[in-house]
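One structure below.
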Amino acid sequence: MIRMTEPSKITGVPDHQPAAGGIAARARASVGPKYLSGLNPEQREAVETLDGPVLVLAGAGTGKTRVLTTRIAHILSQGRARPAEILSVTFTNKAAREMKHRLGQMLGHAVEGMPWLGTFHSIGGRILRVHAELAQLKSNFTVLDVDDQVRLLKQLLQAENIDDKRWPARMLAGLIDGWKNRGLMPSQVPSGEAAMFANGKGGKLYTSYQERLKILNAADFGDLLLENIRIFREHPDILRQYQQRFKFILVDEYQDTNVAQYLWLRLLSQAPASPSFASPRLRGEADTRSVAGEGDSPSTELVEAAPHPSPLPVKDGEREKNHVKNICCVGDDDQSIYGWRGAEVDNILRFEHDFPGAKVIRLERNYRSTGHILAAASHLIAHNEGRLGKTLRTEDQDGEKVTVTGSWDSEEEARGIGEEIEQLQRQGEKLNEIAILVRASYQMREFEDRFVTLGLPYRVIGGPRFYERAEIRDALAYLRVINSPADDLAFERIVNTPKRGLGDATVQMLHDHARKRRIPLFEAARAVIETDELKPKARGSLRDLITQFDRWRAQREVTAHTDLAQIVLDESGYTEMWQKDRSADAAGRLENLKELVRSMEEFENLQGFLEHISLVMDREGGAEEDAVSLMTLHSAKGLEFDNVFLPGWEEGLFPSQRTLDEQGRAGLEEERRLGHVGLTRARRRAMIYFATNRRIHGTWSTTIPSRFLDELPAANVEITESKGGSAWGGTGGFGASRFDDMEAFGSSYSTPGWQRAQANRNRGSGGRSGGVEEEAGSFSSSSSPDFGSFSSRRRGPLTIEGELVAKSTGTTSEFALGDRVFHQKFGYGRVSKIDGNKLTIAFDKAGEKKVVDSFVQRA
DNA sequence: TCCAACCCAGTTTTT
DNA sequence: CTGGGTTGGA
């Protein structure tokens, strides 16, 4: 059972990978350990070069994860280090899990867990908990999510009397996050930048934000690394301890590291400096002085500590090779797509400079895509200037050319792709092997509507992650308040959720009280209910809430933490709140809550659960069923599919105008890398689309094809007509030939959705220029008057339509007019019209929609 | 305190 | 055109 979200698909390590080429390699392979067999010479070199800094430039589909895991296995089997002496960092939990999984397979569970294999943040958090007191925290500190962060900043803005309309808390959160990404503590923020926010108050706000965090015993994501860096710099003995512990360091996705992560790695990667041995000054150390002397004049600090665009270069001769630990960074500069989030492509581009004597190994053999796809992707990315340069090659066949298809508008684009997917499905392709990769998430809607109409199963990848969902955060907030009564942010979050009549006024009052007496909100509440400052109603419900919390805390001693969570959710009325909710996603939310409680079992106790949850939780595994995947190009990184659709290649959308405006040439290059990532997701077929007209913010505008289309090599690309026949073996072009195809397929494949698609297709690309007026996701076309002009010309569709009519007059639908139904996407509604298996439903929330009956169930 | 009518702004996302 | 957030009335 392999599903798209399964770890095994994250990076392609195909079974069909040829044996290592080259006589020497083959000879070695025959004598080497078993895990080395099957590696190609470059991969093998990357695995076996254990000493000194190594940069593995691993192009898409070249077996990057395989190299990383095999390298760890090699280190262990060579006895060079014990599991606990290897630091191995990834960006995502998914990647970390995947590595653990593969290591387990490779080593046959011989090695008990790798304690230091994890994400930057989880490892940083772990280290910070050990030395929490050095960051004025307790070891059980809370990791704040974005919501908490923003709420806290809002309060600070209010306290400063800053108009949070003009200076939104979210913006400040972004700024602070950016500073932290760059490794800047409040005192190190360049004054110009600090002044940008709220007329010069930005820096001060950052400072007071940090102070508040300490009081709340909380850290945000940025702190997990930044506080590590601070501790390492201020306490060389502690740093040395970690330097000695980690004999080997491995880094995944190095191209995505930001400055803070870079500094963190740099500090850890230095050979432990023995007191008797004067170690050369490294980049990381140079900064130490400025931070250590925080009271010093700000000017020195600014000069030294504002590493932008990248920290100070290491001067030649500053370091000898044997002072750098065995660090191996794996990455692909051509897949760096997170610059806007603080990632510094520079880190990977400057690796050799930062780590003199570094061995650079290129993995260029691609085991994923066909020749045409690879050529197209390589050509495209070759237009970038800021890159180290790799040329992907494959021993696979050329395969099918990459197709480029123009459509009149985005709706036709969605129709065309929907149709093509059904075509592929007919050819026996699994929907799981089909993906649509969009630049911006708003493009998804059109496809969703289309797929709902067609009854085509699809799944959206990405979107809000599990622990980011409101219901999960609410539930966690309850548990946080139980765990630590001083967690004001959590208390504030749930004090009136579900509604208890404790609104802004009450909360404000509690705040005043708490601030005056310097006590947590919860304690303030306890005090306030003894007074008559609140109206009886509010006072009563606040008292009830506090009594409940006291009871839950008492229960904590005698109840398993999972049971406690269930009790809290039920008794607080939180479960009930969603049970009463009639909106479409209420059921899903209740399901998520169950999942949350279930997931708690993996942890020892409530404390342990809360400490890890914010770092480790991610979205649920998703259904196993066969479905088309719909996601952004960004979330597609690391995945692969046989068939990949790339819609929306238009100037302004892709490359995104905003990125171009804000980042200029660097932005363009990042967009191009995004295109490269998109293309290289495809194993066998890559299909690019562009539309001439697209609705942006509600208004239609004409667009021009993306410049990236011109950058594709003509030899590997085929321009098809608005619904190309040739892509799947037809004669191409429209008119009679395509029509024949339809007739041929009509007999064996005749879902109503498919038939509608045929009708729509003809309407959209043939007769009229638009389709603009058609309501998205509706069935209007199949019964609209102009269908006549279509059917009068040809017999085929008429027959199909005949069947459809015959079907609709029968009593095939299990639904009756006025039935209450539930739809996965639109929620509850009432059937207002029935036409065969097509239902018109007036949804409570989503309005009137037409859907296939198999998509709804009786409510 | 709560809900409904307005108004405005509008990529990409992990931890 | 949508959704989020704010404002105004009950």
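The analysis underlying the following values was restricted to heavy atoms, covering all of them including side chains, and did not include hydrogens, waters or symmetry mates.
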*Atom CZ of A/Phe120 to atom P of B/dT15: distance rounded to whole Å?*
13 Å
*If you check the A/Asn496 side chain, which of B/dT13, B/dT15, B/dC2 turns out closest?*
B/dC2
*asked:* Under a 3.5 Å threshold, yes or no: a donor from one side chain and an acceptor from the other, between A/Asn140 and A/Asn217?
replied: yes
_Under a 3.5 Å cutoff, is there a donor and acceptor pairing between the side chains of A/Glu471 and A/Asn592?_
yes
*asked:* Without decimals, in angstroms, what is the distance between A/Tyr467 OH and B/dT14 P?
replied: 9 Å
*asked:* Rounding to an integer number of Å, can you tell me how far A/Ile123 CD1 sits from B/dT15 P?
replied: 13 Å
*Please list, by residue number, the residues of residues 503-512 of chain A whose heavy atoms come closer than 4.0 Å to an atom of DNA chain B; answer none if no residue qualifies.*
A/Gly503, A/Ala505, A/Thr506
_Pair A/Thr257, A/Asn347: side-chain N/O donor-acceptor within cut-off below 3.5 Å_ = yes
_Measure CD/A/Gln663 against P/B/dT12 and give the value in whole Å, please._
15 Å
_Integer-rounded Å distance: B/dT14 P and A/Gln261 CD_ = 14 Å
*OP1 or OP2 of B/dT14 sitting under 4.0 Å from any side-chain N/O of A/Asn93?*
no
*State whether the aromatic ring of A/Trp340 stacks on the base of B/dT12, taking stacking to mean ring centres under 5.5 Å apart and ring planes under 30° to each other.*
yes
*Expressed as a whole number of Å, how far does the P atom of C/dG4 sit from that of B/dT13?*
16 Å
*For A/Asn228 and A/Trp264, does a side-chain donor sit closer than 3.5 Å to a side-chain acceptor?*
yes
*asked:* Tell me the interatomic distance from A/Arg166, atom CZ, to B/dC8, atom P, rounded to whole angstroms.
replied: 16 Å
*For A/Thr632, report the nucleic acid contact type (base, sugar-phosphate, nothing); a contact means any heavy atom under 4.0 Å.*
sugar-phosphate
*When you check the side-chain N and O atoms of A/Glu650 and A/Ser706, is any donor under 3.5 Å from an acceptor?*
no
*Looking only at side-chain N and O atoms, does A/Asn181 come under 4.0 Å of OP1 or OP2 in B/dT15?*
no
*Would you mind classifying the nucleic acid contact of A/Ser441 as base, sugar-phosphate or nothing, using non-hydrogen atoms under 4.0 angstrom?*
sugar-phosphate
*Leading and trailing nucleotides of DNA chain C with any atom under 4.0 Å from heavy atoms of chain A*: C/dC1 to C/dT6
*Using the six-membered ring wherever Trp is involved, compare the ring planes of A/Tyr206 and A/Trp179 and label them parallel, tilted or perpendicular (cut-offs 30° and 60°).*
parallel
*Which is true for A/Arg445 with a 4.0 Å heavy-atom rule: it touches a base, it touches only sugar-phosphate, or it touches nothing?*
sugar-phosphate
*Could you check A/Tyr338, A/Tyr254, A/Phe120 and say which one makes a ring pair (Phe, Tyr, Trp, His ring centres under 6.0 Å) with A/Phe91?*
A/Phe120
*May I ask you to say what A/Glu468 touches in the nucleic acid, namely base, sugar-phosphate or nothing, with a heavy-atom cut-off under 4.0 Å?*
base
*Take A/His121 and A/Lys499, find for each the nucleotide of DNA chain B with the closest heavy atom, and name the residue whose nucleotide sits nearer the 5' end.*
A/Lys499
_Students often mix this up, so state it plainly: with edges at 30° and 60°, are the rings of A/His612 and A/Phe603 parallel, tilted or perpendicular?_
parallel
_Please identify which of these residues, A/Asp145, A/Asp147, A/Asp148, meets the salt bridge (Lys or Arg N to Asp or Glu O under 4.0 Å) condition with A/Arg493._
A/Asp147
_Could you tell me how far C/dG5 sits from B/dT12 if I compare only their P atoms? Round to whole Å._
16 Å
*Answer with base, sugar-phosphate or nothing: what part of the nucleic acid does A/Glu253 contact at a heavy-atom distance below 4.0 Å?*
nothing
*Please answer whether B/dA9 and A/His697 are stacked, defined here as ring centres separated by less than 5.5 Å and planes angled under 30°.*
no
_Taking only side-chain N and O atoms of A/Ser614, does any of them lie within less than 4.0 angstrom of OP1 or OP2 on B/dT15?_
no
_If we count only N and O atoms by modelled type, under 3.5 Å, do the side chains of A/Gln158 and A/Gln508 hold a donor and an acceptor together?_
no
